[in-house]
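For reference, the structure is listed below as C-alpha cells.
In what follows, chains carry the letters A, B, and so on, assigned in the order in which the sequence lines appear, proteins first and then strands, with residues in each chain numbered from 1.
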2 protein chains.
Amino acid sequence: MSKVNKSKKQASSESGTPTCDSSLVHLEQVRQVQSEIVTTEKAQQMAQFFGAMADPHRLKLLSALFKVELCVCDLAAVVKMSESAVSHQLRLLRNLRLVKHRREGRNVYYSLADAHIGNLYREVAEHLDEV
Amino acid sequence: MSKVNKSKKQASSESGTPTCDSSLVHLEQVRQVQSEIVTTEKAQQMAQFFGAMADPHRLKLLSALFKVELCVCDLAAVVKMSESAVSHQLRLLRNLRLVKHRREGRNVYYSLADAHIGNLYREVAEHLDEV
DNA sequence: TGTTCATTTGAATAGACATTCAGGCTTATA
DNA sequence: TATAAGCCTGAATGTCTATTCAAATGAACA
C-alpha cells in the first residue's frame with residue numbers, strides 16, 4: 001500500500017471499454033449515485049488507511065502494541081521478523097499516525113496512537129468470527 | 001491483496017538478523033505478549049479483509065452499493081472503470097463476502113452483503129476526518 | 001574518544017496486485 | 001436459431017510492496 005496512485009494510469013475515464021450501450025444504462029440513477037459516492041481523494045485516503053491494516057505482520061504488531069508499549073527489538077522478537085523489517089513497517093504505521101514512539105536511552109518504544117485503531121481492529125476481528 | 005503469504009518466504013523465524021542481544025530483550029514480556037497477540041491465521045484473515053477495503057476503486061464501488069443496488073454496467077459507469085476491471089474487483093469482494101449478487105435477465109445486480117461493512121466504512125471515514 | 005547496542009535508512013529483489021485485452025458464457029430478442 | 005447485450009475469465013503487463021542486505025545514525029558506556 002502506501003502511495004496511492006502515484007503514476008499509475010488513472011483508469012482511463014473515457015477510453016475504457018464501454019461495451020454496455022450507454023442508452024441502456026440507467027443514466028439518471030448513475031448520475032445520482034455518482035454525486036453521492038465518496039470522492040476520489042477521500043477514497044484514496046481511506047484506502048491508505050485500510051492498506052496499513054492489510055498485512056498480517058502489521059496486524060500482529062498492532063495487536064501486540066494493543067497490550068503494551070514495546071521497543072523495536074521486542075516487537076521483532078514477538079512477531080518473529082528481522083528488526084529492519086519491523087522498523088520499515090513501523091515507519092509506515094507511524095506515517096499514517098497509527099502508532100507513536102518515544103525514545104528512552106537507545107531504545108525506541110512504540111505504542112498505539114489512539115483508541116480508534118483498537119476499536120476498529122476489534123470490530124473486524126469480531127465480524128470475521130460471525131461470518 | 002487477496003492471497004496472503006502464498007509462497008513468500010515466511011519471515012525466516014530463526015535466521016533473521018537478531019542484532020539485538022537476546023539477553024537484553026525483555027524475555028518474559030515478549031513471551032507474555034506472544035501468547036496474547038492475534039494468531040497468524042486470524043491475522044491473515046483480517047489482513048485479507050482489510051485488503052479488500054484497501055483500494056480506492058473498491059471503496060468507491062462499496063460506497064455506491066451503500067446507496068443502492070446496481071448492475072455491473074452501471075457500477076462501471078459510476079466509478080469510471082472498464083466493466084472487465086469492475087468485474088474482477090467485484091469477484092474479489094464477492095469471494096470475501098463483502099457483496100452479494102443476483103441475476104435479473106442479462107443483468108447482474110450487486111449489493112452490500114451486510115450492514116457491518118457499512119458501519120466499518122463509516123467509522124474509518126469519520127476517523128480520518130477527525131485526525 | 002572509541003566501541004557497542006538499538007534503530008533507521010536506502011537500494012535491490014522477489015512477490016503480489018490491478019488493469020487491459022481477447023475471448024467465452026448466459027440470457028434475451030429478432 | 002442466430003445475434004447481441006451483459007457479464008465473466010485467463011493471460012499478460014506494468015506497478016506497487018515487503019523483505020533483505022549493507023551501511024549509517026544516535027545514544028550509552030568503557
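Comparing V86(A) and E104(A) against DNA chain D, the residue whose closest nucleotide sits nearer the 5' end is V86(A).
Between H101(A) and Y110(A), the angle of the ring planes stays under 30°, which puts this pair in the parallel group of the 30/60° scheme.
Side-chain atoms of M81(A) lie closest to dT19(D) of the nucleotides dT8(C), dA18(D), dT19(D). When each of dT7(C), dG10(C), dT9(D) is scored by its nearest atom to the side-chain atoms of S87(A), the top-ranked nucleotide is dT7(C). Nearest to the side-chain atoms of V72(A) among the listed nucleotides dT9(C), dC7(D), dT8(C) stands dT8(C). Ranking dT9(D), dA18(C), dA6(C) by closeness to the L92(B) side chain, first place goes to dA18(C). Proximity note for R106(B) (side chain, C-beta onward) versus dC7(D), dT9(D), dT27(C): the nearest is dT27(C). The side chain of H88(A) approaches dT20(D) more closely than any other nucleotide in the set dT20(D), dT20(C), dA18(D).
Of the side-chain N and O atoms in H57(B), one or more sit less than 4.0 angstrom from OP1 or OP2 of dT19(C). For dA6(C), neither phosphate oxygen OP1 nor OP2 lies less than 4.0 angstrom from any side-chain nitrogen or oxygen of Y110(A). For S82(B) and dT19(C), the shortest distance from a side-chain N or O to OP1 or OP2 is not below 4.0 Å.
Looking at S84(B), its side chain comes within 3.5 Å of the base of dT9(D) through a donor and an acceptor atom. Side-chain atoms of R103(A) and base atoms of dT7(C) include no donor and acceptor less than 3.5 Å apart.
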